[in-house]
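Have a look at the structure below before the remarks.
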Amino acid sequence: MQRLARNGGTAGLLRWLAGRADGWAGIAGSDGTVLSASGAAPSGPLTAPADVPDVPRLVAEGVRALTERGALAYSHDTGAHTVLLFPLPGPHDPHAEDRGAAPLLAVVTPRPVAAGLATLLADVLMPLSLCREAEAVERKRRRVDLAESRGREAVLHLLMTGQLSIAQQVAGALRPRLPDPVRVCVVECPGDSRDEVARVCAEADGGRSWIVRCPVYARHLILVMPAEGGREGGRGTAPDSGPGSAPNGGPNGGPNGGPNGGTATDEAVAALVDRCVVGVSERVPLADTATGYRQAFHALAVAREVPGRHVRFGAAPEPALVVGTAGRQWAEALLTPLLTHVPRRAQDPGSQELAATAASWLAFSSHATDHLKVHRNTLAARLRLIGELLGLDLHRLADQAALDLALRIRATPAAVCTPEAGQRDGGAASGHANGAAHDLDEVLRRPAVQEWALRQLAPVAGAAEETLRTWLRCEGRLGPTAAELGISVPGARKRLTRLETVLQRSLLRPPSARYDLWLALRARASAAAEATS
């Protein structure tokens, strides 16, 4: 009995009791409702279907009789079967006056009742009651854990959509407080070990980081860590060596490390968890959590291919930081129809919800349904509306890249953008959304953007650049890319995987760098066309 209580819980004990009684065992509420049972109703030695007892009716009648009489136990013979009822003791006093409201152990057994069965049932009451209480506590704990997990996911979603003040208000009820500035870390967990890896992460950094189970990728954990927890100039943080610098130092070197002997949390997790892959962003303000997530995701793509399974994103400017005043004016002109949209009905999405939908879809593609918690038909309807409002064809990579850049510019504070010497007021705002391609070319010809584009494309040349151009020309689809290159789809995938390592960016899985790469190629082509005209 004790072994069953430890290993099988309530269900195991009821099955065992039903076997010992050669009948049926279950737990009934004070109103006679069967709350849990061992299985099908018994037939005992009977063979005729009409002789099978109506267990719910017998139990309900017995509960009513026990309640009316105020008895501590009840036994009732029905001719072929006997019903035995024992109230389960509560957590304090099994003889309390409110025992009539307690659940009851109910057993239906063929007559004659087996010798010693009543004594056995009396003995099992306390273990059964303790099992039920333990299971109730476990259910409450799981509900609390789920509520906290959903709360953290909601805070992350608010941060990713730039709603910083609301995120901080919601986070006020949880611990720890949101750090600022931060590093964003994406941990790819092996198998079904995400909960265990989350525990390791919490222990590794002393509970200072926000740990969120990714709503999009089932094996990913997202950590929003205090920036001082990483080591500036320590392992894998070469700020001038390009994005995604691989780790090259010992596990305990460098100042400003985490709480574990100077080892930063991301490094500790990669070292402690076998087959765990970790990508980490640069130091970013809390308001730029979305940028930090993209950087960490790109670093994760590179980390899969290096022995240490840990990579930090090196210094690389965001295109939104180098577009200047002309870029901000272009983005404002493009997004105005979306940001000023007023829904016709109260239940229709407003401008803020549509902007968040666009950003989520551009980042996660079809996985945006998991991120936004909406049906795929709802997502498709919102995207159609966004395309109509902006005059864009969101099936085209060119328009996707333009919208992605505009949204990133809007999310970037104007004060941190690279100033443009001699920029004329309104120099790039004369266009309309439908003329966005012309205005975008003006922005991409800006010297700072040209420098950014050259840096993006510097690692690729020759056949690698041709593969990249073909892939982007085919809207980022593997099948048409393989056909145009004259190779198999697995061959095209292998080439793009090698490009991920060369570029140190994620290409095949969203968030993908394809928008930045399309913009870089467009910037170079636009400058070349202007030089020859």
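The aromatic rings of Y217 and F364 sit perpendicular, their planes meeting at an angle over 60°, well past the 30° parallel limit.
In the displayed structure, R509 atom CZ is contacted under 6.0 Å by more than 12 heavy atoms of other residues, nucleotides or ligands. More than 12 heavy atoms of other shown residues, nucleotides or ligands fall within 6.0 angstrom of atom CZ in R473. Counting heavy-atom neighbours within 6.0 Å of N377 CG, excluding the residue itself, gives a total above 12. Shown here is R141, whose CZ atom has more than 12 heavy atoms of other residues, nucleotides or ligands within 6.0 Å.
Between the side chain of D180 and the main chain of L286, a donor-acceptor pair closer than 3.5 Å is present. Between the side chain of Q450 and the backbone N or O of A523, at least one donor-acceptor pair lies under 3.5 Å. Side-chain atoms of R194 come within 3.5 Å of backbone atoms of H220 as a donor-acceptor pair (strictly under, hydrogens ignored).
Contact annotation: the side chain of L405 approaches that of L440 to within less than 4.5 Å [non-hydrogen atoms, C-beta and beyond]. Contact annotation: the side chain of L300 never approaches that of S506 to less than 4.5 Å [non-hydrogen atoms, C-beta and beyond]. C185 is listed as a side-chain neighbour of V278, based on a closest heavy-atom distance under 4.5 Å. L339 places none of its side-chain heavy atoms less than 4.5 Å from the side chain of E332. Two residues are said to be in side-chain contact when any heavy atoms from C-beta on lie closer than 4.5 Å; H157 and M160 fail this criterion. Between E442 and Q329, the closest side-chain pair of non-hydrogen atoms is not below 4.5 Å. Residues W471 and L507 have side chains in contact (heavy-atom distance under 4.5 Å, counting atoms from C-beta outward). You'll find the side chain of L519 stays beyond 4.5 Å of the side chain of Q456, heavy atoms only.
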Self-check item: Check against side chain to side chain contact (heavy atoms under 4.5 Å, CB included), V322 and E451
Solution: CA-CA 9 Å; V322 296; E451 182 180 346; over 6 Å; no
Quiz prompt | Derivation of the salt bridge (Lys or Arg N to Asp or Glu O under 4.0 Å) call for E148 and R152 | solution = CA-CA 6 Å; E148 182 176 356; R152 290 177 179 275; 3.2 Å; yes
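Using a 4.0 Å cut-off between charged nitrogen and carboxylate oxygen, D393 and R396 do not count as a salt-bridge pair. Taking the charged nitrogens against the carboxylate oxygens, E466 and R469 have no contact shorter than 4.0 Å, which rules out a salt bridge. Salt-bridge formation is not detected for the pair D404/R294: no Lys NZ or Arg NE/NH1/NH2 atom is positioned less than 4.0 Å from an Asp or Glu carboxylate oxygen. The pair E188-R309 does not count as a salt bridge, with every side-chain nitrogen at least 4.0 angstrom from each carboxylate oxygen. Of the charged side-chain nitrogens involved, at least one lies within less than 4.0 Å of a carboxylate oxygen, so that E267 and R312 count as a salt-bridged pair. A salt bridge does not link R183 with D266: none of the charged nitrogens is closer than 4.0 Å to a carboxylate oxygen. For E138 and R142, the salt-bridge test passes: some basic side-chain N is under 4.0 Å from an acidic carboxylate O.
A donor-acceptor contact closer than 3.5 angstrom is absent between the side chains of T369 and R376. For the residue pair S165 / Q169, no side-chain donor-acceptor distance below 3.5 Å is found, with atom types taken as modelled.
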